[in-house]
Amino acid sequence: MGDTMSLAIDPITATPLPRGASIGYRRGVVRRLRSLVWLTAILGCLQLFGALLPRGIDLTATRSQSLAPQTVAVLRRLEQAVEITVVAPTRPRTVGEQAFAHALGPFRDLVERCRRESPRIVWRSLDPEIDLAARRLAEEFHDLSVPGVVITTEIDGVRRHETLHVRDLAEIGLTRGRQPILEFFGEQSLTAALSRLIGGVESMQVYCLTGHGELAIEDDAVESRQGMGLMASRLRANGCRVESLDLGIASRIPADADLVIVAGALGEIPSVEVEKLRLYFSQGGRGLILMESAHSDHKSDNDESLSGLLSEHGVTAGHDRLVTAGFTGEIELASPVMPAQSDHALVRSLPLTPLVLHDARSVRTRVGVEPLSTESIPLLVSFAAPRAWSETDFSSLEATFDPDSDLPGPVAVACAVERHQGDLREPVLVVVGDAEFVCNRNLTAPSGRNGANFVFAALHWLHGRKQSFADIPATRREPYTLTGTAAELQRSVWGTAFFVCAALLVGVATTAAQRRA
């Protein structure tokens with residue numbers, strides 16, 4: 001009985017072990033248990049070490065996964081909570097939403113790195129289709145278009161905000177295999193936005209020209225086509241002082257003017273007033289020129305007219321109107337336009353949603369032999385021909401495209417003008433071939449938000465409020481493509497699986513043979 005109790009049992013074969021082997025067996029079990037305890041302790045230490053360290057360690061030679069020193073400096077200056085809210089649908093459907101979804105991944109990683117640097121950064125994501133808070137944000141901040149990012153903070157009891165859109169975050173292209181390539185410069189835009197927030201909102205003095213049938217800022221009737229009082233109210237809510245200016249009475253444009261808006265002059269502006277505008281722009285002034293339709297223009301292109309002034313800056317406003325053929329073939333004067341293909345800072349800041357212009361005229365870069373100190377860059381273009389073109393026949397809506405006199409699409413209907421001073425590029429003008437898109441009636445329409453967003457983007461660029469930290473390098477993300485044909489890749493997968501299974505079988509057979517021995 002005593003001998004039976006002293007025998008050890010092999011747990012693998014469930015048979016008694018020889019008496020001499022029981023001591024060695026117990027020692028082996030102790031060694032295995034000790035090894036298991038050490039392995040568990042090592043794994044626990046690694047887990048604790050990983051929890052205390054950042055989620056990622058930047059081992060790249062260019063430190064591309066680390067925050068730029070400029071960003072770190074701005075984050076360390078934060079003294080109050082800053083909330084970064086992404087307003088975008090969970091399931092992207094449109095091209096703009098899909099482009100934003102591609103940029104959202106690296107932007108989320110960027111914000112996470114910022115949160116590790118500063119606990120004052122708060123991240124939030126809202127779906128406008130299901131979250132009531134997203135719709136409230138869109139109503140509160142008129143320069144926010146969906147999808148987009150709004151950055152908010154409160155300083156001295158005043159709520160401040162900045163908005164970012166997909167073109168502020170990344171430029172997206174396609175490889176030959178139709179895979180997206182992402183040029184991400186979101187850190188530049190985020191750092192600049194945070195810097196503007198904590199540095200305060202600089203007030204902008206805006207004067208709106210009056211006396212020639214322009215849209216009136218005093219008219220805030222919702223259905224009015226002659227007033228832009230609602231646009232003026234939104235500008236005032238975003239830190240602008242907006243006043244009317246009659247150059248027929250004023251001797252010159254006031255010295256405190258940051259910007260002059262000419263919104264749809266029905267009549268010809270007298271030459272003496274054009275000269276006051278010319279002097280203002282030559283001395284560093286900046287302006288937003290919204291042209292009235294060619295119906296109301298006197299077709300005066302001499303040097304003393306507004307068209308002549310624009311021509312001096314390399315811009316030609318055509319005596320035509322943009323028309324778009326609908327899907328039924330009917331000619332429509334309400335034409336959707338999109339941002340042009342350009343790397344210009346203002347173009348990048350425009351949302352990808354279409355802006356609807358009404359009876360717009362073409363605004364093109366003037367071609368001439370004399371050198372200019374300014375350069376014009378297309379901002380908005382129409383659909384391509386044959387769906388859209390610039391029509392010169394005003395007699396009937398049944399007009400068809402005439403290649404001898406009409407301009408085929410895509411037609412440029414807006415451009416930015418900047419002055420060159422060595423390597424410096426200074427904003428001067430934004431010219432749009434339509435003014436009706438900012439009138440009260442269109443501004444309150446479902447598509448009116450896009451018009452307000454364009455005006456805000458133009459004013460930010462003209463005033464320098466959207467400049468990014470350009471010295472922060474952009475990052476490029478390209479998809480990795482496996483080489484070889486599909487058959488070769490399939491053979492590699494099956495070959496790898498075969499060797500793994502063979503190694504497992506050899507291991508099992510070796511273990512079983514050792515136990516039998």
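Glu140 contributes no side-chain N or O that, together with a main-chain N or O of Arg136, makes up a donor-acceptor pair within less than 3.5 Å. Of the possible donor and acceptor atoms, none in the side chain of Asp246 sits under 3.5 Å from a partner among the backbone N and O of Gly211. Between the side chain of Thr374 and the backbone N or O of His313 there is at least one donor-acceptor pair closer than 3.5 Å. Under the 3.5 Å distance criterion, the side-chain polar atoms of Asp258 are matched with a main-chain donor or acceptor of Gln205. Side-chain atoms of His165 come within 3.5 Å of backbone N or O of Ser145 as a donor-acceptor pair. Counting only distance, with no hydrogens or angles, the side chain of Ser224 and the backbone of Asn440 share no donor-acceptor pair below 3.5 Å. The closest donor-acceptor contact from the side chain of Asp127 to the backbone of Glu129 lies under 3.5 Å. With hydrogens and angles disregarded, no donor-acceptor distance shorter than 3.5 Å links the side chain of Asp406 to the backbone of Pro408. With hydrogens and angles ignored, the 3.5 Å screen pairs no side-chain donor or acceptor of Ser376 with any backbone N or O of Cys415. A donor-acceptor pair under 3.5 Å links the side-chain atoms of Arg361 to the main chain of Glu292, judged by distance alone.
Donor-acceptor pairing under 3.5 Å is recorded for the side chains of Asp320 and Ser390.
One finds a salt bridge joining Glu112 and Arg115 here, because a Lys/Arg side-chain nitrogen approaches an Asp/Glu carboxylate oxygen to under 4.0 Å. Of the charged side-chain nitrogens involved, at least one lies within less than 4.0 Å of a carboxylate oxygen, so that Glu117 and Arg76 count as a salt-bridged pair. Between Arg159 and Glu154, none of the side-chain N atoms (NZ, or NE/NH1/NH2) sits under 4.0 Å from a carboxylate O, so this pair counts as no salt bridge. Between Glu426 and Arg286 there is a salt bridge, with a side-chain nitrogen of the basic residue lying less than 4.0 Å from a carboxylate oxygen of the acidic one.
Exactly one of Val74, Leu78, Thr71 qualifies for a side chain to side chain contact (heavy atoms under 4.5 Å, CB included) with Ser118. That residue is Leu78. For the pairing with Leu290, the side chain to side chain contact (heavy atoms under 4.5 Å, CB included) check across Val438, Val455, Asp434 returns one residue only, Val438.
The number of heavy atoms from other shown groups lying within 6.0 Å of CD (Gln341) does not exceed 12.
In terms of heavy atoms, Val87 sits closest to Ala134 at CG1-CB, 3.9 Å. The heavy-atom pair separating Ala340 from Pro378 by the smallest distance is CB-O, 3.7 Å. What you find for Gly213 and Leu266 is that their closest heavy atoms are O-CG, 3.5 Å. Among all heavy-atom pairs drawn from Ile151 and Ala193, the shortest one is CD1-CB, 3.9 Å.
Inter-residue side-chain proximity for Glu418 and His344 is flagged as met; some heavy-atom pair is nearer than 4.5 Å. Put simply, the side chain of Glu214 does not reach to within 4.5 Å of the side chain of Cys208, judged on heavy atoms. Within the 4.5 Å cutoff, side-chain heavy atoms of Val149 are placed close to those of Phe100. Leu355 is listed as a side-chain neighbour of Val337, based on a closest heavy-atom distance under 4.5 Å. Contact of the Pro89 side chain with the Val146 side chain is registered, since non-hydrogen atoms from C-beta on lie closer than 4.5 Å. At least one side-chain heavy atom of Leu459 sits under 4.5 Å from a side-chain heavy atom of Leu288. You'll find the side chain of Leu194 stays beyond 4.5 Å of the side chain of Glu162, heavy atoms only. Between Gln70 and Gln188 the shortest side-chain heavy-atom distance does not fall below 4.5 Å.
With rounding to the nearest 0.5 Å, the separation of CD1 in Ile155 from CD in Gln80 is 4.0 Å.
Evaluation of the salt bridge (Lys or Arg N to Asp or Glu O under 4.0 Å) rule for Arg135 yields no partner, not counting sequence neighbours.
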